[in-house]
Amino acid sequence: MRLPPLPADRWDDEVDTALAGLVSDEQRDPEKVSNLIGTLARHPKLARPYLRYSFYLLYSSTLPDRVRELAILRVAHRTGSEYEWFQHVKIGREVGLSDDEIDAVTRGEAGDDFERAVLIAADELLDKFNLSDATWSALSERLEERQLMDLMFTIGTYAALAMAFNTFGLELDKET
């Protein structure tokens with residue numbers, strides 16, 4: 001681990017202020033915090049705006065939950081982000097993805113043409129930083145403009161997050 005979570009004895013008012021109102025009291029407890037929050041606590045000025053943005057993508061975006069999770073799982077798989085994968089397998093199950101559907105994401109397979117286009121979008125953005133006209137067109141059949149924007153930002157943000165997780169050596173939380 002290159003960048004471990006901030007040790008409990010180094011949590012201070014700046015960290016608490018950065019996390020206040022964004023995460024629960026338990027998530028701000030340095031003894032119980034997730035490795036993600038604990039690592040972000042090392043940089044409170046980054047943590048607060050990043051978490052606000054990330055929580056928008058996760059909880060308030062215009063994307064259907066299933067579409068969001070398919071895209072994030074594909075990014076996690078393609079980037080080899082073990083932490084992101086395990087967190088989003090749990091969330092994927094919560095939004096109704098079956099274990100077979102989650103496993104299919106690793107093969108780039110999906111239930112229908114639209115969901116396959118979501119996985120292809122993740123692949124194209126990771127490989128070429130752009131979508132082909134065919135993929136854009138397939139996504140546009142079911143997603144309106146803001147949803148398309150949210151999808152692009154979700155894939156890009158979770159790719160950046162995977163880079164950070166992999167580089168920092170973020171370990172799985174104890175309960176996983």
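Below, all heavy atoms of this structure are taken into account, side chains as well, without hydrogens, waters or symmetry copies.
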> Looking only at heavy atoms, which two atoms of Gly38 and Val33 are closest? And how far apart?
N-CG2, 3.7 Å
> Set out, in order, the CA-CA distance, both residues' side-chain angles and the distance that settles side chain to side chain contact (heavy atoms under 4.5 Å, CB included) for Arg66 and Glu115, then state yes or no.
CA-CA 9 Å; Arg66 180 181 177 88; Glu115 289 183 354; 2.4 Å; yes
> Are Arg42 and Pro7 side-chain neighbours, meaning at least one heavy-atom pair lies under 4.5 Å?
yes
> Return the minimal non-hydrogen interatomic distance between Leu126 and Ala159, and the atom names on each side.
CD2-CB, 3.7 Å
> May I ask you to decide if Glu171's main-chain N or O and Asn35's side chain share a donor-acceptor pair within less than 3.5 Å?
yes
> Using a 4.5 Å cut-off on heavy atoms from C-beta on, say whether the side chain of Met152 contacts that of Leu139.
yes
> Once rounded to the nearest 0.5 Å, what's the spacing between atom CG of Leu6 and atom OG1 of Thr39?
9.0 Å
> Can you give me the closest heavy-atom contact between Asn166 and Gly80, atom names plus distance?
OD1-O, 3.5 Å
> Passes salt bridge (charged side-chain N to carboxylate O under 4.0 Å, His left out), Arg116 versus Asp113? Steps please.
CA-CA 5 Å; Arg116 175 82 176 112; Asp113 289 342; over 6 Å; no
> Do Trp85 and Ser81 pass the side chain to side chain contact (heavy atoms under 4.5 Å, CB included) test, and can you show the C-alpha distance, the side-chain angles, and the key distance before you say yes or no?
CA-CA 6 Å; Trp85 177 261; Ser81 178; 6.0 Å; no
> Could you report the tightest heavy-atom contact between Leu148 and Ser140, atom names first, then the distance?
CD1-OG, 3.6 Å
> How many angstroms lie between atom CD1 of Ile155 and atom CG of Leu119, to the nearest 0.5 angstrom?
9.0 Å
> Taking the side chain as everything from C-beta on, heavy atoms only, tell me whether Thr79 gets closer than 4.5 Å to Phe165.
no
> So do the side chains of Ile37 and Leu51 get within less than 4.5 Å of each other, counting heavy atoms only?
yes
> Please say whether more than 12 non-hydrogen atoms of neighbouring residues, nucleotides or ligands are located less than 6.0 Å from CG in Asp112.
yes
> Report, as yes or no, whether the 6.0 Å neighbourhood of atom CD on Glu26 holds more than 12 heavy atoms from other residues, nucleotides or ligands.
no
> Counting only heavy atoms not in Phe153, do more than 12 fall under 6.0 Å of its CZ?
no
> If you round to the nearest 0.5 Å, how far is CG of Leu3 from NE2 of His43?
10.5 Å
> Any side-chain heavy-atom pair from Thr17 and Pro44 closer than 4.5 angstrom?
no
> Does atom CG of Asp12 have more than 12 heavy-atom neighbours from other groups under 6.0 Å away?
yes
> Between Arg68 and Asp150, is there a salt bridge with N-O shorter than 4.0 Å?
no
> Rounded to the nearest 0.5 Å, what's the gap from CH2 on Trp136 to CD on Glu124? Could you check?
12.0 Å
> If two hydrophobic side chains count as joined below 4.5 Å and joins carry through other members, does Phe55 share a cluster with Tyr158?
yes
> At what distance, to the nearest 0.5 angstrom, does CD of Gln147 lie from OG of Ser61?
8.0 Å
> Is it the case that more than 12 heavy atoms not belonging to Arg2 sit under 6.0 Å from its CZ atom?
no
> When you look at Ser34 and Asp173, which way does the side chain to side chain donor-acceptor pair (under 3.5 Å) test go after all the steps?
CA-CA 6 Å; Ser34 71; Asp173 295 324; 4.7 Å; no
> Quick check: is Phe168 connected to Trp11 through a chain of hydrophobic side chains (ILVMFWY, heavy atoms under 4.5 Å apart)?
no
> Hey, does the side chain of Arg48 reach the backbone of Ala20 with a donor-acceptor pair shorter than 3.5 angstrom?
yes
> Same cluster or not: Tyr59 versus Leu151, using hydrophobic residues (I, L, V, M, F, W, Y) connected whenever any side-chain heavy atoms lie under 4.5 Å apart?
yes
> Is it possible for you to say whether Leu131 and Phe114 belong to one hydrophobic cluster, with membership spreading through side-chain heavy-atom contacts below 4.5 Å?
yes
> Are Val75 and Phe86 linked, directly or through other ILVMFWY residues, by side chains that come within less than 4.5 angstrom of each other?
yes
> Are the side chains of Arg93 and Asp99 in touch, meaning some heavy atoms are under 4.5 Å apart?
yes
> Going by heavy atoms in the side chains, are Ile72 and Gln87 under 4.5 Å from each other?
no
> Between Asp65, Val105, Leu73, which is the residue that forms a side-chain contact (heavy atoms from CB on, under 4.5 Å) with Leu97?
Leu73
> Hey, is CG on Asp133 packed in by over 12 heavy atoms from elsewhere, all under 6.0 Å?
no
> How far does OG1 of Thr157 sit from CG of Leu161, to the nearest 0.5 angstrom?
8.5 Å
> Would you say the side chain of Arg74 lies within less than 4.5 Å of the side chain of Leu70, judging by non-hydrogen atoms?
no
